[in-house]
Amino acid sequence: METALEQYDPQIYELTRQEAARQSGSIRLIPSENYVSKAVMQASGSCLTNKYAEGYPGRRYYEGQHVTDLIEKVAQERAKKLFKADHANVQPYSGSVANLGAYAALIEPGDTIMGMSLVDGGHLTHGWKVSVTSKFYKSTQYPVSPETGRLDFDHIRDLAKKNRPNLIISGATAYPREIDFEIFGQIAEEVGAYHVSDIAHIAGLVVAGIHKSPVPYADVVSSTTHKTLRGPRGGMLLCRAEHAERVDKAVFPGLQGGPHMHTLTAIAVAMAEADTPEFVAYAKQVVKNAKALATKLLEYGFNLVSGGTDNHLILIDLRNKNVPGRKLAKALDRARIVTNYNTVPGDPAPPSNPSGLRIGTPAITTRGMKEPEAEQIATFINRIVDNIDNESAIEQVAKEALLLCSQFTVPEHFIIPNNKNR
Ligand SMILES: *Cc1c(COP(=O)(O)O)cnc(C)c1O
C-alpha cells in the first residue's frame, strides 16, 4: 500500500525509509537511544499534534480541551504512580528544558548551581561552560575520582561546603555506576541547597526497581522520556507537593508555550508499558546485557571506566589500545555498530576527539538480544579495534552484524515497513 507520505513527498519518504532500514540493520549501542513500540509510535503520530493546549488541565487558554485535559490527567496520574511522586509535570519538550524548568522553579538567575562536570559524565545542562545554564547561573562542578572513575562523596561534600551552591544536581549522562541519591540529598541539606536529580538515562531502571529512586531524596526529579524509559522524545518533572506550583509555573508560562500534545499522549502510552512485569524483565535484561558485554570487553583487555557497569552503559577508556574514540566510532559505524565517542574522566584529549567510547544496551535489548549476542557484539568491537585500518575486515564485521540484526526484528513502524535492511 502506498502511504500518503510516499505519494506526496517521495524524497522525504525515501529518506525516512532509509533511516528505518538503518535502525533495523545496525546494532545500535548509543545508550540514550531505544526503539519505541508501535503503540507509542502511533500515539506520537496522531491527531494530537494538531491541538494547542497552553496551560494545564482545567486551566487552559484556548477552548476545545475536553479531550486534551483527560489525556494530560492520565499522563500525570501514570507518572505519579510509576515514580511514586506527589506531583508530575509531563509538558517539558525535552530533558534539557526539564532541567532548566527545575532550576527556574527553585532558584534565581545569578544563584549558584553545582553539577557533575561534562568531561566526567555530567550533562551540558548541569552547568557546563558552553550551556546557558552556566550563563544564567554561576556554575561550579564536581568531578569523579580520577583513580576509581566513581563519585567521591567526601570530595563532593568538601566542594559543596567551599562553594556553597544554592542547588546541587545529581545524575549523569555517561556514568556506568549506580548513583547514591540519598547521600546527594544529605549533602544538599548540609549546605542548605536544593537537590535536583536528573535521571534522564536511568528512568527505566528506576521504575523497574533496579536502581534506587531519587524521588524521596530530591526536591525535584527531572527526566527524559525516550532513553531507558522507552517513550517518545520528551521530558518530565516530578516533585513533592510543596514545589508543585513553582514547577508548573516554571514550565508554563516560564519556559514554554503549548505542550506537544502528541508527545504527551505517547508518553502516557509509554508509561502504561513501563508499568508492567514485561518492562521490569526488559530493564533487568538491559543491565544483564551490559554486564555481559563489559565482562567480555575486559577479557579482551579493554579498560572500562570504574572497571565495569551497574547500569545500561559502559565507558571504554581506549588509551591502552592506541585508537582514538572518534576514529573507532567511525569505523564501528561502517561495521553497522553505532556508538558515540566520549570523554573519559581526566581525559587529556578534547571532547571533540576524546579517548573514550560510550556504549549501551537499551536498544539491542528491546529487539530481544540477550547475553550471547552482547558477547558477540564485544567480539565485533574487539575485531574492529584490532583491524582499525583494514577496510575488508571492517566490511566482514558489517556482514556479520547485519546477519545478527536479521535475527532480531525491531518494533514495527506504522508508516514504513522497517525490517528491510539498507
Ligand atoms: C539526555 C540527557 C538530558 C537532555 O535530554 P534532551 O532530551 O536531549 O534535551 C539531560 N540530562 C541528562 C543526564 C541526559 O542524559
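Numbering of ligands and ligand atoms starts at 1, following listing order. Side chains included, hydrogens not; waters and symmetry mates left out as well; all remaining heavy atoms used. Numbers here simply count residues along the sequence, with the first being 1.
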message = Under a plain distance cut-off of 3.5 Å, with no hydrogens placed, do Glu72 and Gln65 share a side-chain donor-acceptor pair?
response =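 On atom types as modelled, these side chains do not qualify, holding no pair under 3.5 Å.
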inquiry  = Tell me which one of Ile316, Ile337, Thr339, Leu357 satisfies side chain to side chain contact (heavy atoms under 4.5 Å, CB included) with Leu328.
reply    =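 Single pass found, and it is Leu357.
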Pairwise, report which nitrogen or oxygen atoms of ligand 1 are under 3.5 angstrom from protein nitrogen or oxygen atoms, and how far apart they are.
unit_1: ligand 1; atom_1: 7 (O); unit_2: Gly95; atom_2: N; d: 3.0
unit_1: ligand 1; atom_1: 9 (O); unit_2: Ser94; atom_2: OG; d: 3.0
unit_1: ligand 1; atom_1: 9 (O); unit_2: Gly95; atom_2: N; d: 3.4
unit_1: ligand 1; atom_1: 9 (O); unit_2: Ser96; atom_2: N; d: 2.9
unit_1: ligand 1; atom_1: 9 (O); unit_2: Ser96; atom_2: OG; d: 2.6
unit_1: ligand 1; atom_1: 11 (N); unit_2: Asp198; atom_2: OD2; d: 2.5
unit_1: ligand 1; atom_1: 15 (O); unit_2: Thr173; atom_2: OG1; d: 2.7
unit_1: ligand 1; atom_1: 15 (O); unit_2: His201; atom_2: NE2; d: 3.4
unit_1: ligand 1; atom_1: 15 (O); unit_2: Lys227; atom_2: NZ; d: 2.8

ask   = Side chain of Lys138, backbone of Gly110: donor and acceptor closer than 3.5 Å?
value =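 Between the backbone of Gly110 and the side chain of Lys138 there is a qualifying donor-acceptor contact (under 3.5 Å).
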request  = Drop me the distance from Ile314's CD1 to Leu293's CG, to the nearest 0.5 angstrom.
outcome  =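 Ile314 atom CD1 to Leu293 atom CG measures 4.0 Å (nearest 0.5 Å).
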request  = Scan for side chain to side chain donor-acceptor pair (under 3.5 Å) pairs involving residues 201-223, sequence neighbours excluded, and state none if there are none.
outcome  =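 Qualifying pairs: Asn99-Ser222, Thr173-His201, Glu182-Lys212, His201-His312, His201-Arg358, Asp219-Arg240, Asp219-His243.
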inquiry  = Distance to the ring centre below 6.0 angstrom and angle to the axis at most 45 degrees; does that hold for Arg230 and Tyr282?
reply    =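 Yes, cation above the ring, under 6.0 Å and within 45°.
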